[in-house]
Amino acid sequence: MSDHNHGHNHADTHHHAHPAKPGFSRRTFLRRSSEITLAAAITITAGGALLNESEAWALEVKALKPETMKTLILMARDIYPHDKVPDRFYAIAVKAYDAKAAADPQFKSMLETGIAGLDTAAGAGGYVGVAWEAQRVALLHQISSTPMFETVRSGLVVSLYNQQELWPIFGYEGESYSKGGYIHRGFDDIDWL
Amino acid sequence: MVAKFDQNDDGVVVIIGSGAGGGTLGNELAQKGINVVILEAGQRHEYEDFINDEWASFSQLAWTDNRTTSGSWRVAKNFPNLPAWIVKAVGGSTTHWAGASLRFQAHEFKTLTTYGHVPGANLLDWPITLAEMEPYYARAEEKMGVTRTGNRPGLPGNNNFKVLKAGADKLGYKECHTGNMAINSIERDNRNSCQQTGFCFQGCKWGAKWSTLYTEIPKGEATGKLEVRPQSHVLRIEHDASGKVTGVVYADKDGKEQRQKARVVAVAGNSIESPRILLNSHSAMFPDGLANSSGQVGRNYMRHMTGSVYGVFEKPVHMYRGTTMAGIIRDEARFDPSRGFVGGYEMETLSLGLPFMAAFLDPGAWGREFTSALDGYSNMAGMWLVGEDMPQETNRITLSSFKDKYGMPVADVHFDDHPNDIAMRNYAYKQGMALYESVGAIRTFPTPPYPSTHNLGTNRMSENARDGVVNKHGQTHDIKNLFVSDGSQFTSGGAENPTLTIVSLAIRQAEFIAEQMRTKTI
Ligand SMILES: Cc1cc2nc3c(=O)[nH]c(=O)nc-3n(C[C@H](O)[C@H](O)[C@H](O)COP(=O)(O)OP(=O)(O)OC[C@H]3O[C@@H](n4cnc5c(N)ncnc54)[C@H](O)[C@@H]3O)c2cc1C
Ligand code: SF4
């Protein structure tokens with residue numbers, strides 16, 4: 001399956017995880033997120049939803065086990081690690097897998113089995129219990145040629161980076177036609193050459 | 001005013017595809033008073049409808065019908081069902097294209113003579129010369145409003161260009177400027193000038209960039225002689241007992257088969273679809289497909305030697321601001337085998353937005369080495385390396401065992417790099433990386449080829465019928481009233497982006513077809 005096919009799902013990725021507390025500013029969550037251990041801050045509620053209090057979002061899980069979703073979020077960060085990017089974006093990026101699992105039992109079982117295998121390989125405490133990124137990445141390398149890994153990775157490269165709210169973190173400004181292009185907005189403003 | 005022709009009207013010229021070749025040919029013939037029906041597989045989206053968003057625009061415009069791949073090229077591994085990045089819409093790939101418009105060099109029409117025999121390459125001289133093409137190049141440049149030709153000013157340089165230029169100066173390159181672009185640097189032809197929006201690949205919402213969608217096609221329609229029929233996917237071309245073509249069968253928007261009769265048929269579906277249509281039109285009389293007595297239909301598929309180099313600097317560049325490809329260094333386009341390869345290459349500015357950068361910088365890569373490159377996105381500059389690749393008989397389009405929704409076999413695209421392509425790419429990477437390093441790049445990335453945007457050569461021109469599919473007018477050697485009007489005619493690829501040559505050939509072909517029709521030869 002090629003990366004581009006996921007492009008048709010781009011609309012899904014523009015959805016937000018539900019903010020638990022509305023109205024927090026991007027600046028506060030960016031500051032906060034750099035202070036905490038990312039992904040470890042996600043808890044699972046009694047109702048089976050994922051909650052990240054410091055980033056102020058919650059995510060309902062429909063088809064997958066909440067633990068699987070939590071592992072997927074961390075796996076997503078380990079595949080495409082960006083320290084400046086809060087968990088929220090990784091959560092949105094993998095949300096589509098939950099939706100797809102709800103509609104497709106085979107897909108669901110591929111993910112559940114794949115994540116269970118990853119947890120077993122990780123030993124007691126599972127994948128999320130492995131403290132160092134390098135150790136988790138070593139586990140991912142062991143499964144990197146499996147269809148589960150490749151499905152997750154090739155989907156992520158679109159569903160993570162195609163989120164408009166993420167672009168400012170990378171300094172990409174996106175749509176420009178409605179602002180009159182860059183002809184008066186710095187297309188040639190480089191000053192250090 | 002817009003013409004509507006009867007499907008039983010056997011006096012019309014039917015053109016398959018509305019892109020650079022087909023759209024231009026359609027307008028040129030209509031201007032000469034000839035009735036034309038253009039059948040286009042895609043929908044018609046006017047330029048207001050274009051989307052400043054890479055994936056959304058891709059979904060709107062790109063050809064995403066299934067294709068299959070084989071061969072050792074990396075695209076087959078990373079994008080097995082997306083060998084090419086081209087368009088299925090009225091206007092064809094001239095909606096997506098960047099606008100770089102360069103003439104071939106004289107020796108590039110004579111590769112066999114100039115390069116000699118290259119093992120494994122199926123080189124051949126074109127049956128035309130630069131001197132014969134020059135007047136048509138001039139007309140194409142005028143039509144398309146190419147900058148730095150005919151007194152038209154160049155575009156202003158954006159940040160990405162300025163980095164390229166600074167590096168070019170450091171390396172001692174002499175010919176570096178903001179390109180010969182089919183983009184209005186001043187208002188012209190009732191179209192805006194470039195507003196430096198930076199979404200040239202997503203369709204220019206200002207109409208500043210030439211596309212047949214809003215130039216050739218409406219001009220042709222205004223004559224009352226041209227009908228464009230969108231969502232008309234041609235399945236096969238039919239012929240009579242004498243071997244002359246008589247019309248085409250296509251699937252309409254509901255998938256229902258329709259037949260349009262024709263006096264002349266011109267194939268312009270781009271170099272993957274054009275041979276697919278000819279091969280799929282096999283009959284008892286032509287068991288190997290139409291116009292294929294040479295066995296060359298679908299062979300000699302070229303995609304240009306390509307690659308990109310991105311450099312990350314200490315300070316911001318914002319390469320995505322402004323025209324995507326208005327910057328070029330031409331010094332390496334020369335013929336100079338002392339570099340270890342024949343043919344030459346161009347270095348052109350290129351920018352991708354963050355979503356495409358993530359998908360194409362190093363397809364399949366993950367982990368910190370990859371993501372730290374993206375962390376430097378706003379400090380990145382980029383260039384595209386595009387050069388002549390070797391035609392090889394075994395690089396070819398064939399009919400796959402998979403079928404599309406109409407039951408038509410999809411195209412399989414087989415490609416292996418020639419050693420000359422690899423030598424050129426490695427040399428070009430080295431130069432591109434040295435260029436950015438000379439102006440302070442902290443890291444540089446030799447980025448592999450994207451799915452093919454330049455698809456060429458699969459119905460090539462030849463002097464002799466045994467060596468190719470069409471003659472110097474794009475007329476098939478085998479069937480007088482069957483023409484090829486797109487980049488699949490190219491005998492060899494040149495270092496230059498191909499569209500100016502496609503348009504020039506279409507202007508020239510229109511003269512020939514009109515003359516042949518007037519004298520009732522066809
Ligand atoms: C992102 C991008 C950037 C590019 N930048 C440049 C550049 O800067 N300079 C340059 O010179 N070139 C550039 N190109 C290449 C340029 O777009 C092509 O060379 C040119 O458009 C090819 O013209 P064509 O007529 O062969 O085919 P196209 O323009 O692709 O048109 C073919 C048309 O035929 C239609 N068609 C196919 N099969 C059928 C069928 N069975 N029935 C009916 N219709 C059919 C297709 O839908 C399509 O609309 C770029 C291309 C891309 C994708
Ligand atoms: S940069 Fe210029 S040519 Fe490109 S899309 Fe914008 S206005 Fe059109």
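Sequence lines set the chain letters: A, B, ... in the order given, protein chains first and strands last, and positions in each chain run from 1.
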- Query: For the side chain of Asn158(B) and the backbone of Phe187(A), is there at least one donor-acceptor N/O pair under 3.5 Å apart?
  - Reply: no
Here the pair of heavy atoms bringing Trp366(B) nearest to Ser144(A) is CZ2-CB, 4.2 Å
query: Between the side chain of Thr371(B) and the main-chain N/O of Pro81(A), is any donor-acceptor distance below 3.5 Å?
result: yes
Should Asp191(A) and Lys162(B) count as an ion pair when the cut-off is N to O under 4.0 Å? no
Honestly, the part of Pro156(B) sitting under 4.5 Å from a heavy atom of chain A is both
**Report entry** Full working for side chain to side chain contact (heavy atoms under 4.5 Å, CB included) between Gln196(B) and Asp188(A)
**Finding:** CA-CA 10 Å; Gln196(B) 303 289 338; Asp188(A) 62 350; over 6 Å; no
In terms of heavy-atom contacts, Arg185(A) and Arg321(B) come closest through O-NH1, 3.8 Å
dist Glu133(A):CD -> Arg368(B):CZ (nearest 0.5 Å) comes out at 4.0 Å
Among residues 65-76 of chain B, those lying within the under-4.5 Å heavy-atom range of chain A are none
Between Trp192(A) and Val439(B), the two heavy atoms sitting closest are CZ3-O, 4.0 Å
| request: Using a cut-off of 6.0 Å, state whether more than 12 heavy atoms not belonging to Gln106(A) lie near its atom CD. | output: no
>> Walk me through whether Trp167(A) and Tyr377(B) qualify under ring-ring contact (aromatic ring centres under 6.0 Å, His included).
In response: CA-CA 10 Å; Trp167(A) 297 344; Tyr377(B) 178 77; 9.8 Å; no
So, the part of Ile79(A) with a heavy atom under 4.5 Å from chain B: the answer is both
Cut-off 4.5 Å, heavy atoms of chain A, and the answer for Ala358(B) is both
One should read off an interatomic distance between Gln195(B) CD and Tyr182(A) OH, to the nearest 0.5 angstrom, of 14.0 Å
Looking only at Gly376(B), Pro316(B), Gly440(B), the option with the highest number of non-hydrogen pairs under 4.5 Å against chain A is Pro316(B)
Taken to the nearest 0.5 Å, the spacing of Tyr161(A) OH from Leu374(B) CG works out to 5.0 Å
Rounded to the nearest 0.5 Å, the CD1 atom of Ile169(A) sits from the OG atom of Ser378(B) at a distance of 12.5 Å
Subject >> Aromatic ring pairing Tyr320(B)/Tyr172(A), orientation class (parallel under 30°, perpendicular over 60°, tilted between) >> reply: perpendicular
Partner of Tyr177(A) under ring-ring contact (aromatic ring centres under 6.0 Å, His included), picked from Phe199(B), Trp206(B), Phe50(B), is Trp206(B)
Whatever's closer than 4.5 Å to a heavy atom in chain A on Ala365(B) counts as backbone
To the nearest 0.5 Å, atom NZ of Lys179(A) lies from atom CG of Asn52(B) at 9.0 Å
Under 4.5 Å to a heavy atom of chain B? For Leu156(A) that would be neither
Asp53(B) side chain to Glu175(A) main-chain N or O, any donor-acceptor pair under 3.5 Å?
no
Rounded to the nearest 0.5 Å, the CG atom of Asn162(A) sits from the CG atom of Leu354(B) at a distance of 9.0 Å
Would you find more than 12 non-hydrogen atoms of other residues, nucleotides or ligands less than 6.0 Å from Lys205(B) atom NZ? yes
- Message: Check whether Thr197(B) reaches the backbone of Ser176(A) with its side chain - one donor and one acceptor, N or O, closer than 3.5 Å.
- Response: no
